[in-house]
Amino acid sequence: LKRTIIDISQDQSELDFDEAALSPPFTFPEYQRNLLSDRLVSEMTDIGIVAAVYFLLIAVTYLQMPEVATFDRRIAGIYAAGFLLMMGVYFLLFMLSASQTPGMKLRQLVAVSRDGVPLEPKTACMRGFGYFISIVPLMLGFVWALIDPEQLCWGDKVCGTYLKKL
């Protein structure tokens, strides 16, 4: 298969068909499609890690509540918002520090730029933001990779990154 890349971020007077031939293999949809199961397992692992830590936080805060306080929808909403925020911070910090989360490390995946190098801090922050906007609408940004022609989630789309198998 031959892939054509059209880059609108720079002035391009004509289409560069040779650039697609020189693209690294991990930028192709077939490569990303083969990583979908590893991506899913890594994301579930990361969600499990955050959920376990957050469950401990909930248990501690619930035990500290006054006896007259009841667990109602308002408190459940606050806890749910806190969980989503914690997920976003978790992904942001791991992208900044290592370009991979513990779940990605377990599945031997790393987030890289189009050149195949680990993420620069600015790109890692953008990917962290992409994770946040993927998480808020009930994880739909991650599900997007299943239907996207390039098999990329919203975090990848926002900052132009790819997953690569180590």
Side-chain angles (χ1 to χ4, degrees), residues 1 3 5 7 9 19-62 76-166:
L1 287 175
R3 182 174 176 198
I5 296 179
D7 184 3
S9 65
E19 182 182 353
L22 301 174
S23 295
F26 61 84
T27 63
F28 289 98
E30 298 81 24
Y31 185 94
Q32 294 298 315
R33 189 175 306 115
N34 292 335
L35 294 180
L36 281 177
S37 61
D38 287 327
R39 180 187 283 254
L40 179 65
V41 170
S42 74
E43 289 168 359
M44 290 298 114
T45 301
D46 291 327
I47 290 169
I49 290 169
V50 173
V53 170
Y54 199 66
F55 180 75
L56 289 173
L57 180 67
I58 287 175
V60 168
T61 58
Y62 187 73
I78 291 170
Y79 280 138
F83 177 73
L84 294 176
L85 182 62
M86 189 171 180
M87 287 283 298
V89 169
Y90 172 89
F91 284 115
L92 173 66
L93 291 178
F94 278 108
M95 285 298 111
L96 272 171
S97 65
S99 291
Q100 66 181 170
T101 63
M104 291 168 70
K105 189 170 189 164
L106 177 72
R107 301 306 293 179
Q108 298 179 333
L109 299 173
V110 66
V112 295
S113 69
R114 181 163 174 61
D115 302 325
V117 296
L119 305 181
E120 296 288 324
K122 180 181 176 185
T123 307
C125 286
M126 287 299 293
R127 187 173 170 90
F129 174 73
Y131 269 122
F132 186 73
I133 62 173
S134 294
I135 291 166
V136 170
L138 304 173
M139 310 289 183
L140 287 178
F142 296 119
V143 176
W144 183 260
L146 298 174
I147 61 171
D148 182 59
E150 294 186 295
Q151 312 308 141
L152 300 174
C153 69
W154 291 350
D156 299 318
K157 296 271 187 194
V158 165
C159 58
T161 58
Y162 299 88
L163 286 188
K164 183 177 166 185
K165 190 87 166 168
L166 296 175

Side chain to side chain donor-acceptor pair (under 3.5 Å) filter on Tyr62, not counting sequence neighbours, yields none
When every non-hydrogen atom of Thr61 is compared with those of Ile58, the smallest separation belongs to OG1-O, 3.0 Å
Interatomic distance, OG@Ser23 vs OH@Tyr31, rounded to 0.5 Å, equals 14.0 Å
Here the gap from Gln100 atom CD to Lys164 atom NZ, rounded to the nearest 0.5 Å, amounts to 12.0 Å
Legend entry - Pro29 backbone acceptor or donor facing Glu150 side chain under 3.5 Å: no
Value for CZ (Arg33) from CG (Leu152), rounded to nearest 0.5 Å, stands at 11.0 Å
- Item | Any side-chain heavy-atom pair of Ile49 and Pro102 under 4.5 Å | yes
Thr123 and Thr161 have their tightest heavy-atom pair at CG2-CG2, 3.6 Å
Arg39 vs Cys153 side-chain heavy atoms within contact, under 4.5 Å: yes
Hits for salt bridge (Lys or Arg N to Asp or Glu O under 4.0 Å) against Lys165, two or more places apart or cross-chain, chain-then-number order -> Asp38
Looking only at heavy atoms, the pair that brings Val110 and Ser99 closest together is CG2-O, 3.5 Å
Side-chain atoms of residues 90-98: list all donor-acceptor pairs with protein atoms under 3.5 Å, sequence neighbours left out, distances to 0.1 Å.
| from | atom 1 | to | atom 2 | distance (Å) |
| --- | --- | --- | --- | --- |
| Tyr90 | OH | Asp46 | OD1 | 2.8 |
| Ser97 | OG | Leu93 | O | 3.1 |
| Ser97 | OG | Phe94 | O | 3.4 |

Distance-only donor-acceptor pairs under 3.5 Å for side chains of residues 131-144, two or more places apart:
| from | atom 1 | to | atom 2 | distance (Å) |
| --- | --- | --- | --- | --- |
| Tyr131 | OH | Arg127 | NH2 | 3.1 |
| Ser134 | OG | Gly130 | O | 2.8 |
| Trp144 | NE1 | Asp148 | OD1 | 3.4 |

| task | Can you establish whether the number of heavy atoms outside Lys105 located under 6.0 Å from its atom NZ is more than 12? | result | no
Closest non-hydrogen atoms of Arg114 and Pro24, given as atom of the first, atom of the second and distance, are O-CG, 3.4 Å
In short, Phe26 meets Leu163 closest at the heavy-atom pair CB-O, 4.1 Å
Taken to the nearest 0.5 Å, the spacing of Asp156 CG from Gln151 CD works out to 11.0 Å
Close side-chain approach of Arg107 and Thr45, heavy atoms under 4.5 Å: no
Residue pairs passing the ring-ring contact (aromatic ring centres under 6.0 Å, His included) test with at least one member in residues 33-52, sequence neighbours excluded, are none
What one should report as the nearest heavy-atom pair of Ser42 and Leu109 is OG-CD1, 4.2 Å
Quick note, ring-ring contact (aromatic ring centres under 6.0 Å, His included) partners involving residues 102-130, not counting sequence neighbours, are none
